[in-house]
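Below is one structure, written out as structure tokens; the observations come after it.
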Amino acid sequence: DGGITQSPKYLFRKEGQNVTLSCEQNLNHDAMYWYRQDPGQGLRLIYYSQIVNDFQKGDIAEGYSVSREKKESFPLTVTSAQKNPTAFYLCASSSGIGGAKNIQYFGAGTRLSVL
Amino acid sequence: GQSLEQPSEVTAVEGAIVQINCTYQTSGFYGLSWYQQHDGGAPTFLSYNALDGLEETGRFSSFLSRSDSYGYLLLQELQMKDSASYFCAVREQGGKLIFGQGTELSVKP
């Protein structure tokens, strides 16, 4: 079945530690996105990528980094510089950011907590 | 600045009709989308309006008025499974989506 797989489902980070969240899609989509969701809040864009080896900062990129070495993979690293990382992280993909509707398909998310 | 406003929560009874409003103020506008998210789950796409008017998809309809910077999602024949959070999202130039803070819909028996 086609879809987006995020792992792990739950992740714990120690102070000063970098952690990486995985996102893989087999939908053959060009565009991929990372969002952060805090309780009772909407989705805020962290980073997005329209094509392999290219990505742009979203609204809250500070303390995060990404790579896009393969079309199907878009991992997110939460660095020690992110002082408040506890949140629900959602990865999404779409066939192209320029598409008329830009329908985004989401993974099941990773819930990150700080120990 | 960019902002989208939705009611934080709405309650309705099974079988009823409910309307969730969304007003927006963004630097660019290319369409309004609606997504549904069940508790702790993945958001899923419901509908999209680029032009003024009503779009109908089964029990769900979405409306847009570009001149009023306003849209709404209409859910008919409410079912318990419709209890979820609903997000409006504006599509900006370049294709990015800016999401509202979401409306939590509770459907009561």
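Scope of the values below: all heavy atoms of this structure, side chains included, with no hydrogens, waters or symmetry mates. Every chain is numbered from 1, with letters handed out A, B, ... down the list of sequences.
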Task: Heavy-atom pairs under 4.5 Å with chain B, option from A:Arg44, A:Gln56, A:Gln37 with the top count - done: A:Gln37

Open item on the list: Need one label for B:Leu4: side chain, backbone, both or neither, based on atoms under 4.5 Å from any heavy atom in chain A.
Closed with: neither

Open item on the list: Please check if the number of heavy atoms outside A:Gln41 that lie under 6.0 Å from its CD is greater than 12.
Closed with: yes

Open item on the list: Tell me whether B:Leu75 shares a hydrophobic cluster with B:Met80, the cluster being built from Ile, Leu, Val, Met, Phe, Trp, Tyr side chains joined at under 4.5 Å.
Closed with: yes

Task: Considering all heavy atoms, the nearest B:Lys96-A:Tyr48 contact - done: CD-CE2, 3.4 Å

- [ ] For residues A:Asn102 and B:Tyr35, report the shortest heavy-atom separation together with the two atoms involved.
- [x] O-OH, 3.9 Å

Open item on the list: If I measure from the heavy atoms of chain A, does B:Glu9 come under 4.5 Å with its side chain, its backbone, both, or neither?
Closed with: neither

Task: Top of A:Leu90, A:Leu43, A:Ile4 for chain B proximity - count of heavy-atom pairs under 4.5 angstrom - done: A:Leu43

Task: Flag if over 12 foreign heavy atoms under 6.0 Å of CD, B:Glu5 - done: no

Task: Joint cluster assignment, B:Phe99 & A:Trp34, ILVMFWY side-chain distance < 4.5 Å - done: no

Open item on the list: Only pairs of heavy atoms separated by less than 4.5 Å count here; which of B:Pro43, B:Ser33, B:Ala89 has the most with chain A?
Closed with: B:Pro43

- [ ] Check whether more than 12 heavy atoms from other residues, nucleotides or ligands sit under 6.0 Å from atom CG of B:Asp68, and answer yes or no.
- [x] yes

Task: Within 6.0 Å of CD1 in A:Ile51, more than 12 heavy atoms from elsewhere - done: no

Open item on the list: In this structure, would B:Leu73 and B:Leu105 fall into the same cluster of hydrophobic residues linked by side-chain contacts under 4.5 Å?
Closed with: yes

Task: Shared hydrophobic cluster for B:Leu74 and B:Val107 (ILVMFWY, side-chain gaps under 4.5 Å) - done: no

- [ ] Please look at A:Leu45 and chain B and tell me whether the side chain, the backbone, both or neither of the residue comes under 4.5 angstrom of a heavy atom of that chain.
- [x] side chain

Task: Per-residue contacts, residues 105-115 of chain A versus chain B, heavy atoms under 4.5 Å - done: A:Phe106, A:Gly107, A:Ala108, A:Arg111

Task: Flag if over 12 foreign heavy atoms under 6.0 Å of CD, A:Glu62 - done: no

Open item on the list: Please say yes or no: joined through hydrophobic side-chain contacts below 4.5 Å, possibly via intermediate residues, are A:Leu76 and A:Tyr35 part of one cluster?
Closed with: no

Open item on the list: Within this structure, what is the OG1-CD1 distance for the pair B:Thr44 and A:Ile103, rounded to the nearest 0.5 Å?
Closed with: 11.0 Å

Task: Minimum-distance pair of heavy atoms, taken over all atoms of B:Ile98 and A:Asp59 - done: CD1-OD2, 4.1 Å

